[in-house]
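Some notes on the structure that comes next.
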Amino acid sequence: MPLPKAELHLHIEGTLEPELAFALAARNGVQLPYPDTEALRSAYLFDDLQSFLDLYYALMAVLRTEDDFTDLTDAYLTRAAAQGVRHAEIFFDPQAHTARGVPIGTVIDGIARALDRSEDRHGISTRLIMCFLRDLSAASALETLDAARPHLHRITAVGLDSAEAGHPPSKFREVYEAAGALGLRKVAHAGEEGPPEYIREALDVLGVERIDHGLRCIEDSELVARLARERVPLTLCPLSNVRLKVIDVLEDHPLRQLMDAGLLCTVNSDDPAYFGGYVGDTFHAVREALDLDHERLRELARNSFVAAFLQDDEERRTRLLAEVDAYDFAGESGF
Ligand code: ADE
Ligand code: ZN
């Protein structure tokens, strides 16, 4: 049994493996601009966040029906369960679908069908986080929140993703205020490609409870001290950072420094179909590259449950934390 863990930074559209992309393309009569899965996979060489996003949005053309979203989500949950995931908080990008004429209800109902049976089928509890695309307008984000109103019982939190540079969190003050008034929790991508100042804005202007990525806080020692003092969780994605050239090599990742500074760090897979690994693979990779011992890995797993939106099921959090504490690395085959 692998080390039990929560995944808190996972874009469901980023779990679209080439094989499923081609299967859905055939089912929906969509022509992909690649001859086969191998050719598609070989296109997964990115220069930066934008070059990844271009392919990520283009491939979404194959996602059209409720069944497509259910199949996508089921495939992720199956892979995640095999790598020890016991709780997953899943991002989705409604605007990337509504812009193509797919109704938000189709997206949410399709994902939710897989989530509703996830605990029984996969042993994974789930939450859904609706992200606004920050390179679209603030008005479009407000329209999206409005369109999601009939589905809010399915949604735990709002998030902010897509191209970061030039799109500061403060652009979305109004929609985050409205989301908060509706009882939604708040997270935001900040400090991935954008500057440390965006992390401050996400906290102070948007009132987020967690920062997604956030690794560029390392450039600002006062900010690092604040994040440690306030126990703000970071959902780090080390394999993503290498693939999108935020850092050169995994050995350069600031995870260990941030843990040493007392930050509540978690590791996650972001868009695992594109970045070379799911969350268990990520644990393996950081262990090797950063020479983390078993107690560091246990701390990361603990943190993932501490930072999870499990306030409505503290019993489950307690149980999962106890499983992490009791985990015997020596007797187990992987993590
Ligand atoms: N959407 C999917 N993955 C993303 C990432 N790493 N950063 C910003 N937006 C994203
Ligand atoms: Zn992300």
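Below, each value reflects all heavy atoms present in this structure, side chains not excepted, and no hydrogens, waters or symmetry copies. One-based numbering, in listed order, for ligands and for the atoms of each. Given the structure is predicted, the values throughout are model-derived calculations rather than measurements.
In terms of protein heavy-atom proximity, atom 9 (N) of ligand 1 is closest to Ser162 N, 2.8 Å.
Arg41 has a carboxylate O that lies under 4.0 Å from a charged side-chain N of Glu17, or vice versa, which qualifies the two as a salt bridge. Under 4.0 Å is where a charged nitrogen must lie from a carboxylate oxygen, and between Glu192 and Arg216 no such pair does. Salt-bridge annotation for Glu209 and Lys186: absent, with no side-chain N of the basic residue lying under 4.0 Å from a carboxylate O of the acidic one.
For ligand 1 and Phe52, the ligand atoms under 4.0 Å from any heavy atom of the residue are 2 (C), 3 (N). Counting atoms of ligand 1 from 1 in the listed order, those under 4.0 Å from a heavy atom of Glu192 are 5 (C), 6 (N), 7 (N), 8 (C).
Atom CD of Glu174 is surrounded by 12 or fewer heavy atoms from other residues, nucleotides or ligands within 6.0 Å. Heavy-atom neighbours of Glu222 CD from other residues, nucleotides or ligands within 6.0 Å: at or below the threshold of 12.
Using a 30° and 60° split on the angle between ring planes, Tyr274 and Phe46 fall in the tilted class, from 30° to 60°.
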Working for salt bridge (charged side-chain N to carboxylate O under 4.0 Å, His left out), residues Arg113 and Asp67: CA-CA 9 Å; Arg113 199 195 302 152; Asp67 280 350; 2.9 Å; yes

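Cys237 lies apart from the Zn ion (ligand 2) in this respect, since none of its N, O or S atoms is found at a distance under 2.8 Å. When distances to the Zn ion (ligand 2) are checked against a cut-off of 2.8 Å, His9 contributes an N, O or S atom below that limit.
With a 4.0 Å cut-off on non-hydrogen atoms, Glu164 does not touch ligand 1 at all. Proximity of His213 to ligand 1, defined as any heavy-atom pair under 4.0 Å, is confined to the side chain (atoms from C-beta onward). Contact annotation: for Phe91 versus ligand 1, there are no heavy atoms closer than 4.0 Å.
Looking at ligand 1, you won't find any N or O of Asp93 less than 3.5 Å from one of its N or O atoms.
In this structure, the side chains of Leu77 and Arg121 stay at 4.5 Å or more apart for every pair of heavy atoms.
The atom of His11 that is an N, O or S and sits closest to the Zn ion (ligand 2) is NE2. The atom of Asp270 that is an N, O or S and sits closest to the Zn ion (ligand 2) is OD1.
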